Every structure is written in C-alpha cells, then in structure tokens.
Amino acid sequence: MIDKLERILATARAIPPGRVTSYGRLAMHAGFPRGARLAVAALRGADDETVPWHRILRADGRIAFPPDHPHHAEQAQRLRAESVMVRNGRVDLGRFGWRVDAPDLLLPPD
DNA sequence: CTCATGACTAGCT
DNA sequence: TAGCTAGCCATGA
C-alpha cells in the first residue's frame with residue numbers, strides 16, 4: 001500500500017529537470033497502468049523535498065491546481081526555473097514531456 | 001459494507 | 001477549446 005506510493009515517489013524522482021510527465025504516465029512507469037489517482041495520493045502525502053512534484057501535470061499538460069491556488073503559481077515558477085515554457089498554466093507535453101528510455105530498468109523489479 | 005473524496009483520464013459533444 | 005460523463009483506485013468516515 002504505502003509501498004505503492006513510495007514506488008511512485010521513487011519514479012517521480014527519476015524525472016530529469018526540464019522534463020514533465022502526467023499523473024497517469026508517472027503511475028504507469030511505476031507499474032500501475034490505471035493509477036493516476038494513486039499518483040495523486042502519493043504526491044499529496046509526500047512532504048518530501050526530494051520529490052519534484054512540480055514536474056507532474058495533467059494528461060493535457062495543464063497544471064492540476066486551480067489557477068487561484070497558491071501552488072499553481074509556485075509550480076509554474078519552478079518549471080520556468082528549469083526552462084520549461086508554461087503558458088496559461090499549460091505545458092507542451094510533446095516538447096517537454098519526459099521520454100523514458102528504459103522504463104523497466106528505472107526501478108528494481110520488486 | 002457503502003459512500004465520499006481526490007493535484008486524474010479517455011471519450012464524446 | 002470547453003464542458004460533461006463514466007471509469008478509475010486507495011483511503012477514511
């Protein structure tokens with residue numbers, strides 16, 4: 001249970017700076033095909049500073065937080081600090097999307 | 001056990 | 001592009 005969440009967080013840490021991915025894809029790479037909401041649970045409970053939460057977006061490339069939410073601005077700022085273009089709370093996934101070269105080798109089989 | 005709740009998605013209008 | 005819907009799945013009341 002918590003292992004699943006940790007697994008997702010570990011995968012999130014593998015996202016390189018300047019790259020982004022979606023909740024669903026993050027979960028998929030962690031080994032949970034339909035676990036978008038699992039990714040949410042993992043990130044929500046993670047107060048860990050080593051987790052690059054700002055590199056996780058919705059499947060359409062938009063920031064998940066509502067525009068008026070404090071995290072929205074912070075996330076955009078952090079992304080721009082990594083040279084990721086954010087326009088109207090949205091990122092072009094085709095351009096900045098995380099390309100995983102070896103999905104299976106990201107984490108131990110466990 | 002049922003119900004509500006999320007930083008969600010894919011599909012359709 | 002925007003809105004709506006059914007499906008998704010762990011967690012907690």
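A, B, ... follow the sequence lines: proteins, then strands. Residue 1 opens every chain. Keep in mind that this is a model prediction, so the values were computed, not measured.
Here the P atom of nucleotide C:dC9 and the CE atom of A:Met28 are 15 Å apart, to the nearest Å. The separation between A:Ile8 atom CD1 and C:dT11 atom C1' is 14 Å, rounded to whole Å. Note: CG (A:Asp3) to C1' (C:dA10) measures 14 Å, nearest angstrom.
A heavy-atom distance below 4.5 Å is not found between the side chains of A:Thr21 and A:Val100. In this structure, the side chains of A:Trp98 and A:His29 come closer than 4.5 Å at one or more pairs of heavy atoms. Annotation: side chain of A:Asp48 is in contact with side chain of A:Arg13 (closest heavy-atom distance under 4.5 Å).
Contacts of A:Ile63 with the nucleic acid, taken as non-hydrogen atoms under 4.0 Å apart, are absent. Heavy atoms of A:Gly35 sit nowhere under 4.0 angstrom from any nucleic acid atom.
First and last contacts of DNA chain B with chain A, using any nucleotide atom under 4.0 Å from a protein heavy atom and ordered 5' to 3', fall at B:dG6 to B:dA10.
If you check residues 37-56 of chain A against DNA chain C, the residues with a heavy atom closer than 4.0 Å are A:Arg37, A:Leu38, listed by number.
In this structure, CD1 on A:Ile56 lies 5.5 Å from CG on A:Leu43, to the nearest 0.5 angstrom.
Using modelled atom types, one side-chain atom of A:Arg55 and one backbone atom of A:Ile15 make a donor-acceptor pair closer than 3.5 Å.
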Step-by-step salt bridge (charged side-chain N to carboxylate O under 4.0 Å, His left out) determination, A:Glu82 to A:Arg78: CA-CA 7 Å; A:Glu82 298 181 352; A:Arg78 288 198 181 206; over 6 Å; no
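Ring-plane geometry between A:Phe65 and A:His71 is classed as perpendicular, the angle between the planes exceeding 60 degrees on a 0 to 90 degree scale with a lower cut at 30.
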Show me, pair by pair, the donor-acceptor contacts under 3.5 angstrom made by side chains of residues 85-92 of chain A, not counting sequence neighbours?
from: A:Asp92; atom 1: OD1; to: A:Gly94; atom 2: N; distance (Å): 2.9
from: A:Asp92; atom 1: OD1; to: A:Arg95; atom 2: N; distance (Å): 3.4

